[in-house]
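Structure record follows, encoded as C-alpha cells.
A, B, ... follow the sequence lines: proteins, then strands. Residue 1 opens every chain.
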2 protein chains.
Amino acid sequence: MLDNTDIKILDELSKNSRITMKELGEKVHLTGPATSARVEKLEDSGVIEGYTIKINQAKLGFNIHAFITIITQSTNHKPYLSFIKTQEQYLVSNYKISGDGCYLLECKFPSNELMNQFLEELNEHANYKLSIVINK
Amino acid sequence: MLDNTDIKILDELSKNSRITMKELGEKVHLTGPATSARVEKLEDSGVIEGYTIKINQAKLGFNIHAFITIITQSTNHKPYLSFIKTQEQYLVSNYKISGDGCYLLECKFPSNELMNQFLEELNEHANYKLSIVINK
DNA sequence: CTGTTTGACTTTATTATTGAAAGGAGTTAA
DNA sequence: TTAACTCCTTTCAATAATAAAGTCAAACAG
C-alpha cells in the first residue's frame with residue numbers, strides 16, 4: 001500500500017507541510033507533478049487527514065497544560081458531555097478510555113483561577129483526578 | 001500583541017496550512033503580501049512553531065492508542081528515560097506530570113502483541129497504569 | 001502648526017510554482 | 001503481440017510568491 005517514498009513524503013510533510021511539491025520532490029527523487037500526484041493519493045486514501053500548524057499555546061497565554069481523568073458516578077454521561085462541549089476554549093481533546101476512569105481530558109488553561117472555575121463546574125457532573133504537565 | 005486578524009489567520013492555518021497567502025488574505029480582508037508579512041511575524045515571534053500534517057495513524061497500522069501513567073519506584077529516572085528513548089516508534093509524547101504518577105505517556109501500537117512486549121520491557125524500569133482509548 | 005518618522009498596507013513587476021495535458025517506459029493479462 | 005494500466009517525465013499556460021516602490025495615517029518632536 002505505502003512504499004518507502006510515501007513514508008518519506010509523510011515524514012517531510014510532518015516536518016514542514018508548506019514545502020513546495022518541487023522541493024519535496026527533490027527530497028524523494030521525483031519531479032514536482034509526480035510528487036503532487038502521490039500526495040493527492042495520500043489525501044484521497046485518508047492517510048493525510050489535513051494540513052495544520054503547531055501553535056505555541058503558552059504564547060497565547062494558555063500556560064497550564066493538564067490531563068484530567070474523569071470518573072462519572074451516573075450512568076448517564078450526557079450532562080457531562082454537553083458540559084465539555086461548552087468548554088472548547090480549554091479543551092484540546094476528550095478521549096473515552098478503558099482502564100482507570102471513563103474519559104481522559106487534555107486541557108490548556110490561561111490561569112489557575114480559570115482552571116479552578118472549570119474544575120468546580122466539572123465537579124457538578126463528574127469526579128476527576130488532575131495531573132498537571134511540568135515538562136514534555 | 002495579537003489582534004483579531006492574527007487570530008483569524010491562526011484559525012485558518014490550523015484548518016488548512018497549505019492555503020495560499022492570497023486566499024488566506026481574502027479571508028482576512030488583506031492582500032497576499034500583507035498576509036504573508038503577518039504570517040512571517042507570527043513565525044518569528046514563535047506563535048507559529050511549525051507547519052505539519054494530521055496523519056491517520058490507524059491507516060498506517062497503529063490502531064491501539066494508549067495513555068500510560070508511569071510510577072517509578074526508584075528515585076533515579078534515568079534508566080526509564082533512556083528506555084523510552086529507544087521506543088520512539090510507539091511514542092507520541094512523554095509528559096512529566098504532578099499528581100497521580102511521575103510521567104504520562106501517550107503511545108500508539110500496531111498490535112496487542114507489540115504493546116504487551118513494550119509493557120513487559122517498561123515494567124523492568126517502572127510500574128504503570130494503562131488506559132486504552134476507545135473513542136476520541 | 002509643520003515636518004519627520006514609523007508601521008502597516010497596496011500596487012507593480014519579476015520570479016517561481018502549480019496544475020493540466022501529452023507522451024514514454026515497464027508490467028500484466030488476454 | 002497487443003491492449004490496458006500504472007507511474008513517471010516533459011512541456012506550457014495559469015497562478016501565486018516575493019521583492020521593491022509607493023501610499024497613507026498616526027505619533028511625535030521642533
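Residues in residues 106-123 of chain A take part in no salt bridge (charged side-chain N to carboxylate O under 4.0 Å, His left out) pair, two or more places apart or across chains. Sorted by first and then second residue, the salt bridge (charged side-chain N to carboxylate O under 4.0 Å, His left out) pairs involving residues 69-97 of chain A (not counting sequence neighbours) form an empty list. Identified under the salt bridge (charged side-chain N to carboxylate O under 4.0 Å, His left out) test for residues 126-136 of chain A, with sequence neighbours left out: A:Asp100-A:Lys129, A:Lys129-B:Asp100. Sorted by first and then second residue, the side chain to side chain donor-acceptor pair (under 3.5 Å) pairs involving residues 16-32 of chain B (not counting sequence neighbours) are A:Ser17-B:Ser17.
Residues satisfying the ring pair (Phe, Tyr, Trp, His ring centres under 6.0 Å) test with A:Tyr128, not counting sequence neighbours, are none. With sequence neighbours left out, the salt bridge (charged side-chain N to carboxylate O under 4.0 Å, His left out) criterion links A:Asp3 to A:Arg38. In terms of the salt bridge (charged side-chain N to carboxylate O under 4.0 Å, His left out) criterion, A:Lys41 has no residue partners (sequence neighbours excluded). Residues passing the ring pair (Phe, Tyr, Trp, His ring centres under 6.0 Å) test with A:Tyr51, sequence neighbours excluded: none. Here B:Lys8 pairs with B:Glu12 under the salt bridge (charged side-chain N to carboxylate O under 4.0 Å, His left out) rule; sequence neighbours left out.
Residue B:Thr31 places at least one side-chain N or O under 4.0 Å from the OP1 or OP2 atom of C:dT10.
In the 5' to 3' direction, nucleotides of DNA chain D lying under 4.0 Å from heavy atoms of chain B begin and end at D:dA16 to D:dA19.
The stretch residues 12-22 of chain A touches DNA chain C through A:Thr20, A:Met21, A:Lys22, each having a heavy atom within less than 4.0 Å of the strand. At a non-hydrogen distance threshold of 4.0 Å, nothing from residues 37-52 of chain A comes into contact with DNA chain C.
Along DNA chain D, the nucleotide nearest to A:Gly32 and the one nearest to B:Glu23 differ in position, and the one closer to the 5' end is contacted by A:Gly32.
There is no side-chain donor-acceptor pair under 3.5 Å between A:Asn135 and B:Tyr103.
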